[in-house]
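Along the sequence shown, residues carry numbers from 1. It should be emphasised that the depicted structure is a prediction, and the values quoted were computed from it without experimental measurement.
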Amino acid sequence: YARKRRQENFQEWLKEYNEKNIQIKNMLNMMCKEVITTAQENGFSITNEKRLRDEIATFVYKEASYHA
């Protein structure tokens, strides 16, 4: 039950908006695209974009929850 509730909280958080009125989900997508583009411009490739998105989202969520 606790895991399901955490996942629901995370999904709700993705729908929220930041102080610049940008939806969290869209902000995270922009961050991921920027990381991928920067990596490619420097000769690297991201082989698992889903994992990158998950890791960035989890990191930001945990950091944001400490300040909420």
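- Scanning for ring pair (Phe, Tyr, Trp, His ring centres under 6.0 Å) contacts around F10 gives W13, Y61, with sequence neighbours left out.
- Considering CD1 of I56 and CE of M27, their distance stands at 10.5 Å, rounded to 0.5 Å.
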Ignoring hydrogens and angles, write down the donor-acceptor pairs under 3.5 Å from the side chains of residues 35-46, residues two or more places apart or on other chains.
residue, atom, partner, partner atom, Å
T37, OG1, K33, O, 2.9
T38, OG1, E34, O, 2.8
N42, ND2, T38, O, 2.7

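- With sequence neighbours left out, R51 forms a side-chain contact (heavy atoms from CB on, under 4.5 Å) with N48, E55.
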I24 and V60: CA distance, side-chain angles, deciding distance, side chain to side chain contact (heavy atoms under 4.5 Å, CB included) verdict = CA-CA 10 Å; I24 301 295; V60 173; 5.8 Å; no
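- Here NZ of K4 is found 5.0 Å from CD of E8. Values are rounded to the nearest 0.5 Å.
- Remark: N9 pairs with R5 by the side-chain hydrogen bond (donor to acceptor under 3.5 Å, both in side chains) rule, at least two apart or across chains.
- Screening residues 14-31 for side chain to side chain donor-acceptor pair (under 3.5 Å) gives no qualifying pairs among residues at least two apart or on separate chains.
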